[in-house]
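Structure record follows, encoded as structure tokens.
Chain naming here is simple, since letters A, B, ... match the order of the sequence lines and numbering starts at 1 in each.
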Number of protein chains: 2
Amino acid sequence: MRLSTRGHYGLKAMYDLARHYGAGPIPLKNVAERQNISGHYLEQLIAVLRKGGLVKSVRGSQGGYVLARPPEEIRVGEIIRVLEGPIAPVECVSEIKSPGCDQADHCITRTVWEKVRDSIAMVMDSISLADMCREEERNRQNRE
Amino acid sequence: MRLSTRGHYGLKAMYDLARHYGAGPIPLKNVAERQNISGHYLEQLIAVLRKGGLVKSVRGSQGGYVLARPPEEIRVGEIIRVLEGPIAPVECVSEIKSPGCDQADHCITRTVWEKVRDSIAMVMDSISLADMCREEERNRQNRE
DNA sequence: TAAAAATCCGACCATTTTACTATGAAAAAA
DNA sequence: TTTTTTCATAGTAAAATGGTCGGATTTTTA
């Protein structure tokens, strides 16, 4: 029941972009350093996020990446789906078309996985990047 | 965000044993056939379940496997934990001792994964094998 | 115009995990 | 003593994971 580093690092990167939202394009190198992720590897992940419409890129010197929408409008669930595919504890309950196993109708374990899937989606879709920034802000104030 | 077949098949097998609970030891071959799982592979999984204290074995002819406790007292979460390890969308929020990453304290993505983890655990721990049998029974009656 | 700072792209690679298969020993009942 | 079962260990092909490497392209800026 593990996420790969794609989703893990990807959310970190998106959160980093959210924290700097409004400050123009952020070079990936900076994100990688702050979040302690291999730069080259992160390039691959951000390419997926770009193709998925979650970030926009600005090429050339002074370029970098910007969230495609304000942090308020990007939820964790979207990021994870773009990087890891549809949420599905087992294939036969994938959010996207499951080829469907033969016994789909009378398979009780299936209903268990549907419940798990829905609860994961519920949590991830209820948290936006802005929520994360606000929580960080609260934590920071509590530490003072 | 996928379970491996270990958890998937393991739950199927445990559910099969639950359905036949009270009828003496069930040979694994029967379970494998009914659930459409490779027998040899299932042997490996059931060995883990036995070491995890979830099933008891009876060797020799007329032998097989029996749930270690009544279906009412075995929850999906236990089965999954035995077969797949502690529930943890990412390592640093594992139910069992996380070695802890350096930035653990001020990592906001961490709190996201904690919420995901808890919601998965909540669902899995709220469903017992007996619940699954009852649901199957209801479905069967509705089909008639 | 040239250099620097970025994104972009595709190939490669070592390791681990996955999902098995195969073989055979040991135990218990018939 | 034959059959039926669990038990244990080893092997294995394919896929996924988590990267690295090298360089082309685009844009700004000196």
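- Counting to the nearest Å, the P atom of dC8(C) and the NZ atom of K51(A) are 9 Å from each other.
- Salt-bridge check for K115(B) with D118(B): failed, with every basic side-chain N at 4.0 Å or more from each acidic carboxylate O.
- Regarding contacts with the backbone of dT21(C), a side-chain N or O of S38(B) is found under 4.0 angstrom from either OP1 or OP2.
- Listed pair S57(A) / dC8(C) meets the phosphate criterion, a side-chain N or O lying under 4.0 Å from OP1 or OP2.
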Pick out the pairs of N or O atoms, protein on one side and nucleotides 14-17 of chain D on the other, that lie under 3.5 Å.
{"from": "dT17(D)", "atom 1": "OP2", "to": "R6(A)", "atom 2": "NH2", "distance (Å)": "2.4"}

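- With respect to the salt-bridge test (charged N to carboxylate O, under 4.0 angstrom), the residues R140(B) and E144(B) qualify.
- The side-chain contact (heavy atoms from CB on, under 4.5 Å) with D16(B) is formed by just one residue from the set R19(B), H20(B), M14(B), K12(B); it is H20(B).
- Listed by first then second residue, pairs satisfying salt bridge (charged side-chain N to carboxylate O under 4.0 Å, His left out) with a partner in residues 51-64 of chain B number zero, not counting sequence neighbours.
- Whole-Å rounding puts the H8(B) NE2 to dC20(C) C1' distance at 16 Å.
- Evaluation of the side-chain hydrogen bond (donor to acceptor under 3.5 Å, both in side chains) rule for R69(B) yields E78(B) as partners, not counting sequence neighbours.
- Rounded to whole Å, the distance from NE2 on H40(B) to P on dT9(D) is 16 Å.
- Scanning atom types as modelled, no donor and acceptor separated by under 3.5 angstrom connect the side chain of E43(A) and the base of dT20(D).
- With rounding to the nearest 0.5 angstrom, the CG atom of L67(B) is 12.0 Å from the CD atom of E72(B).
- The separation between Q44(B) atom CD and dC20(C) atom C1' is 7 Å, rounded to whole Å.
- Between L3(B) atom CG and dT17(C) atom C1' the separation is 14 Å, expressed in whole Å.
- Y21(A) and I108(B) fall within the same hydrophobic cluster, where Ile, Leu, Val, Met, Phe, Trp and Tyr residues are linked whenever their side-chain heavy atoms come under 4.5 Å apart, directly or through other members.
- The nearest whole Å value for the distance from the CD atom in E33(B) to the C1' atom in dT5(D) is 14 Å.
- The residue I46(A) sits apart from the nucleic acid: no heavy atom pair falls under 4.0 Å.
- By the side-chain hydrogen bond (donor to acceptor under 3.5 Å, both in side chains) test, S126(B) is found to be paired with no residue, residues two or more places apart in sequence or in another chain being considered.
- Rounded to whole angstrom, the span from the CZ atom of R2(B) across to the P atom of dA19(C) amounts to 10 Å.
- Contact check, Y65(A) against dA6(C): no side-chain N or O comes under 4.0 Å of OP1 or OP2.
- Nearest nucleotide to the side chain of R50(B), out of dT20(D), dA8(D), dC8(C): dA8(D).
- Here E114(B) pairs with R110(B) under the side-chain hydrogen bond (donor to acceptor under 3.5 Å, both in side chains) rule; sequence neighbours left out.
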Under 3.5 Å, which N/O atoms of the protein pair with N/O atoms of nucleotides 26-30 of chain D?
{"from": "dT27(D)", "atom 1": "O2", "to": "S61(A)", "atom 2": "N", "distance (Å)": "3.1"}

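- Atom-to-atom, OH of Y9(B) to C1' of dA19(C) comes out at 8 Å; the value is rounded to the nearest Å.
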